[in-house]
Amino acid sequence: MSTRTKRVETVLPSPPGHWVGDGFPVSSVISPQAVGSRLSPFVLMDYAAPARFEASGEPRGVDTHPHRGFETVTVVFQGELEHRDSAGNSGRIGPGDVQWMTAGAGVLHEEKHSREFTRRGGTFEVAQLWVNLPARHKMTPPRYQELRADAIPAVALPGDAGTARIIAGDFAGVRGPAATFTPVVLWDVRLRAGARTNLPIPDGHNAAVFVRAGSARVGGEHDAKAGELAVLSRAGGGAVVETDRGADLLVLAGEPIDEPVVTYGPFVMNTAEEIRQAVEDVRAGRFGRL
Ligand code: MN
C-alpha cells in the first residue's frame, strides 16, 4: 500500500479493428494477448468507436452464442441495442444505459442493434467489458442487471472539472448501482477543457483510464489520446488526470483476482479441463435454449 497517487505504467495504443458479428466494428483495447492478467478482474474490453450505420431492414449484431465463467458489461454511448438470453432475460438499452450480465454457469444470448435503430439508421458507439468471476462464483446462476441512465448517479467533480457517472464502485461516498462479485469500479467521466482532477481509485486496485474522445494527461506526465488506454499502477490511491481541450474517459478498476485464467472463445475459466467441460455442455444443450 502506498500514500502516493497511481503512476502510469504504460499507454497502450488503439489496436487494429475487427468486426464482432456484422454489427460491431471494435478494437480490443484489453485482451488476454495484450495484457494477460495485468488488469484482472478485466479480461477483455472491446470498444466500438462512433460509426454510422445506414437504415436497413435486418438488425445487425451477433447471433446466438454462449458464455460461461464471467460477466459481460455493455455500456452504450450512442445507438440502441437489443438483447435476449436463455435465462429468459431480454431488454433494450440506449445512450447512457448499461447492461451488466452475469453469464456464470452459462447462458446463450444474442446481441443486436435494436429494430428501431436499424429502421432509422444512425451512429453507434458502445463498449463491452468482460469482468472475470472468482473460481467460487464461476458457476453462479446467470443474472441480468439493466442499469438505466437515470439510475446511474452523476457526481460533479470539484472545481467544475466535469462529471463522473458512477456505474460501479464508490466515488466520494456515491455508490454505483451495479452489484458485483468482487470490488469493481466503472466510471463514465467527462472532463471540461482545462480541467485537472484526482479520480479516487482505491489503492491496491488494478486500474486503467480509457480515452474515448479528446486527450488527457494521466499521472502528471503521460499523454493519452482517443482510443488509447493508460494502464495504472496497482499501488497508490487516486489518479491525477488533466486535459487541455476536454476529454471523455471510461475509468475501470478492480481488486485483482489472483487465480489462473484460461480463456477460449466465449469462456473464461480456471483450467483447460473446465474449458473442455464448457464446450461439451454447450454441445449437449446444457446451456438451455434461446
Ligand atoms: Mn456475448
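The residues of the chain are indexed from 1 along the displayed sequence. Owing to the predicted nature of the structure, the values given are computational and were not obtained by experimental measurement. First listed ligand is number 1; within each ligand, the first listed atom is number 1.
Counting just the N/O/S atoms of His65, the one with the shortest distance to the Mn ion (ligand 1) is named NE2. With respect to the Mn ion (ligand 1), Glu111 has OE1 as its nearest N, O or S atom. Distances from the Mn ion (ligand 1) to the N/O/S atoms of His109 are shortest for NE2.
Relative orientation of the His113 and Phe53 rings is perpendicular, given thresholds of 30° and 60° on the angle between their planes.
Ring centroid separation for the pair His83 and Tyr144 comes in under the 6.0 Å cut-off. When ring centroids are compared, Phe171 and Trp187 come within the 6.0 Å threshold.
Judged by the 6.0 Å and 45° rule, Arg212 forms a cation-pi pair with Phe77.
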